[in-house]
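Before any comments, here is the structure.
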There are 2 protein chains.
Amino acid sequence: MSVTAVSFVFNGNDVGNIAPATKVRILDAAKELGYTPDGVARSLRKQKTHMLGIVTDAIASSPFAGRLLAGAMDAAAGRGYAMLAFDSRDHRDLEQDAVTEFSRRKVQGVVYATMGLREMSTLPETTLPLLLANCTGPDGSHFAVIPDEVNAGRTAARYLLGLGHRRITMLSGPGPGKRIKDGNMAGPLRAKGFRNVLRGAGVPATDSPIVGAGWSIDAGHAAALAVLGDGPDGQGRGRRPVHQRPTAIFAVNDRVATGVLLAAASLGLRVPDDLSVLGLDDQEQLAANVVPSLTTLALPHRQMGSRAVEMLVDAVESGTRPPARVELLPLELIVRDSVGPNPSG
Amino acid sequence: MSVTAVSFVFNGNDVGNIAPATKVRILDAAKELGYTPDGVARSLRKQKTHMLGIVTDAIASSPFAGRLLAGAMDAAAGRGYAMLAFDSRDHRDLEQDAVTEFSRRKVQGVVYATMGLREMSTLPETTLPLLLANCTGPDGSHFAVIPDEVNAGRTAARYLLGLGHRRITMLSGPGPGKRIKDGNMAGPLRAKGFRNVLRGAGVPATDSPIVGAGWSIDAGHAAALAVLGDGPDGQGRGRRPVHQRPTAIFAVNDRVATGVLLAAASLGLRVPDDLSVLGLDDQEQLAANVVPSLTTLALPHRQMGSRAVEMLVDAVESGTRPPARVELLPLELIVRDSVGPNPSG
DNA sequence: TTGTACGCGTTATCAA
DNA sequence: TTGATAACGCGTACAA
């Protein structure tokens with residue numbers, strides 16, 4: 001039989017072209033010989049590799065990298081694409097190299113994903129469709145899919161308010177109002193939404209302050225001690241009088257919330273009876289497993305990955321450029337055990 | 001100038017073949033026209049894609065996936081290979097599909113990595129060199145690189161013994177001595193090494209028991225409460241008398257250790273003054289950041305990734321099959337703040 | 001030192 | 001319904 005016939009059969013062009021008998025004969029022979037179409041040759045001929053590239057900045061240290069990657073790989077597989085992955089460890093020229101290498105290998109599009117929400121001042125240069133996940137470009141030049149952080153702050157405030165809390169301390173990453181180039185800007189955004197709602201509800205900023213803490217467990221622990229303890233900067237082992245401490249703490253992420261839990265336990269404060277703790281992230285192996293389990297706002301990492309790939313594949317297959325806009329994905333409130341009603345009200 | 005000349009220049013065959021002047025002329029022209037050799041065509045011609053595939057089983061939920069992947073990608077990049085990644089979410093037929101797809105795309109080798117230490121009863125079938133990271137095959141049929149868990153258990157016991165501890169409770173994953181097909185078998189292995197050393201030191205098993213707990217923070221919390229608390233199964237808020245509780249706890253991983261920290265804090269026990277806690281993993285964002293920071297044994301995830309790729313590339317480039325043996329990588333003791341000397345002696 | 005021509009394994013076009 | 005043949009973009013043996 002001929003090469004053409006084989007090609008037709010393996011591409012579904014057999015109907016109306018190949019006699020059923022021949023088709024069977026071909027399939028049999030293929031099975032017997034272990035024949036499989038060569039993807040490389042196919043790519044060369046069709047000028048389509050059905051490969052996408054993804055470059056990440058900190059896959060090794062981020063608890064979320066996996067979720068984002070999994071979302072991206074799932075979506076890609078679902079659309080018949082394979083993913084070429086590269087991690088830059090935050091090294092800019094490596095990112096450019098990776099993208100250049102991707103081009104050489106003729107991937108059909110690339111997604112650039114950061115592990116913390118960032119506003120990138122510079123991006124790898126390429127003529128390939130480039131799509132951003134969890135970060136935005138220097139101007140609105142690329143399609144970017146990021147979490148709706150501001151709204152998450154609002155949701156947090158409304159939820160806590162609805163449970164009767166009035167003295168709520170937010171433990172933010174850096175302080176509010178700062179705009180950080182190339183740094184994680186999620187903290188200020190969350191703080192902004194949070195403060196807006198509280199202001200709207202007439203809660204004075206002195207009652208519900210926003211305190212700059214870091215992003216880690218120990219930072220959350222130290223900040224909580226300062227807010228809840230009676231010593232200078234919380235150095236003491238005792239706790240402040242009830243009406244001088246918050247009834248709820250909104251932590252910028254689940255790790256900070258875990259630090260708060262640790263501090264509360266050492267202070268003899270029961271969560272949520274004496275203090276409510278609201279996290280953010282829904283971090284794998286952490287949020288659902290600390291004691292008590294964290295009520296938290298889930299960051300849509302998986303969705304960012306899949307959404308980015310979906311948009312990319314759409315653009316690639318339609319031959320258009322992805323629209324240059326920012327798409328906001330909502331955070332979902334996950335109710336667990338660390339938040340309760342205001343005990344004194 | 002000729003195609004040959006260009007080809008020679010781009011493949012380093014220019015010395016002795018191409019006049020330096022011509023070479024410069026070619027390079028200039030290439031820059032001006034933005035010419036880059038087509039990787040697909042090159043792959044087809046040389047029958048080498050310089051691509052490796054990696055299939056993982058649970059990238060989204062594992063805190064270690066990133067480390068392993070980063071190690072693999074680094075090593076691959078260093079050797080001039082790109083990585084095609086696929087995550088199966090533990091779905092076996094998807095793994096087979098992925099490997100089949102990899103073959104079609106002519107990757108030159110594949111590494112199969114699991115996120116928990118496993119003994120796989122079945123592996124994807126392929127004629128490609130297949131290499132295992134963090135798991136072993138059904139028989140010793142593949143090259144596998146895994147952590148030396150047994151020795152880690154020994155190290156833990158020796159370290160704690162050296163600090164004067166005699167009553168040490170190990171919080172293991174499942175109970176000791178079980179052999180689990182396709183499940184995480186790290187716990188029993190760690191317990192084995194741990195028990196061996198204690199037995200050798202003449203410490204009775206009643207003094208240093210191995211308690212089956214799970215792998216999570218809440219499991220560690222519950223187990224710690226049972227071991228340290230005075231109520232039935234630790235339900236009470238009080239703690240056992242000093243001589244009836246361990247002076248040190250060896251947790252099967254850092255999450256369990258974190259649960260212990262939480263429980264200790266709520267019981268008013270100071271770490272490491274009243275109780276030492278030894279973890280294992282050196283989990284990112286956790287071990288170094290809980291309070292107090294965890295003394296722990298670091299799992300060599302990055303090294304497993306890089307070692308696997310190194311072996312794979314060696315095999316690929318020498319045209320040999322990777323040797324069918326298991327390679328053990330050591331865990332490193334990371335001393336931080338959660339372990340101290342035995343307070344009572 | 002340079003140019004010509006062939007083949008890598010496909011798919012697409014066209015003729016039989 | 002089938003089969004021959006020309007690209008796809010490159011590497012290389014060989015002739016010039």
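Within every chain, numbering begins at 1; the chains are lettered A, B, ... in the order of the sequence lines, protein sequences first and strands thereafter.
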Practice task
Enter the distance from A:Asn184:CG to A:Thr114:OG1 here, rounded to the nearest 0.5 Å.
Solution key: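 OG1 of A:Thr114 is found 8.0 Å from CG of A:Asn184.
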Handout entry: Inter-residue atom distance B:Glu327.CD - B:Leu132.CG, 0.5 Å rounding
Key =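 Answer for the CD-CG pair, B:Glu327 versus B:Leu132, is 13.0 Å.
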Practice task
Under 4.0 Å between any heavy atoms, over every strand shown, what does A:Ser43 touch: base, sugar-phosphate, or nothing? Just pick one.
Solution key: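 Contact class for A:Ser43: none.
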Practice task
Determine the contact category for B:Ala5: base if any of its heavy atoms lies under 4.0 Å from a base atom, sugar-phosphate if only primed atoms, P, OP1 or OP2 are that close, otherwise nothing.
Solution key: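 Nothing, no nucleic acid heavy atom in range.
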Problem - Angle between terminal axes - the helix from C:dT1-D:dA16 to C:dA16-D:dT1, 5 pairs each end, rounded to 10° - result: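 Axis angle across the helix from C:dT1-D:dA16 to C:dA16-D:dT1, nearest 10°: 50°.
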Problem - Heavy-atom protein contacts under 4.0 Å, nucleotides 8-16 of chain D, coded B base, S sugar-phosphate only, - none - result: BBBBBB---
Problem - Separation of atom CG in A:Asn17 from atom P in C:dA16, rounded to whole Å - result: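 Atom-to-atom, A:Asn17 to C:dA16, this comes out as 18 Å.
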Exercise for the section: Using whole Å, report how far CG of A:Leu33 lies from C1' of C:dG9. Expected result: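 Nearest whole value for this atom pair: 15 Å.
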Handout entry: side-chain contact (heavy atoms from CB on, under 4.5 Å) partners for A:Thr127, two or more places apart
Key =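 A:Thr127 satisfies side-chain contact (heavy atoms from CB on, under 4.5 Å) with no other residue.
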Problem - Partners passing side-chain contact (heavy atoms from CB on, under 4.5 Å) against B:Pro63 (at least two apart in sequence or in another chain) - result: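 By the side-chain contact (heavy atoms from CB on, under 4.5 Å) rule, B:Pro63 matches A:Gln285, B:Arg255, B:Gln283.
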Practice task
List for me each residue that meets ring pair (Phe, Tyr, Trp, His ring centres under 6.0 Å) alongside B:Phe10, sequence neighbours excluded, and say none if there are none.
Solution key: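 Ring pair (Phe, Tyr, Trp, His ring centres under 6.0 Å) check on B:Phe10 returns B:Tyr35.
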Exercise for the section: Using ring pair (Phe, Tyr, Trp, His ring centres under 6.0 Å) as the criterion, list what pairs up with B:His50, not counting sequence neighbours. Expected result: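 So B:His50 forms a ring pair (Phe, Tyr, Trp, His ring centres under 6.0 Å) with B:Tyr81.
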Problem - Contact under 4.0 Å: A:Thr22 side-chain N or O vs D:dT2 OP1/OP2 - result: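 Looking at the OP1 and OP2 atoms of D:dT2, one of them is under 4.0 Å from a side-chain N or O of A:Thr22.
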Handout entry: Polar side chain donor-acceptor pair, B:Ser88 to B:Asp57, under 3.5 angstrom
Key =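 The criterion, which ignores hydrogens and geometry beyond distance, is not satisfied for B:Asp57 and B:Ser88.
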Practice task
Mark yes when over 12 heavy atoms from residues, nucleotides or ligands other than A:Glu332 sit less than 6.0 Å from its CD; otherwise mark no.
Solution key: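 Counting other residues, nucleotides and ligands, CD of A:Glu332 stays at 12 neighbours or fewer.
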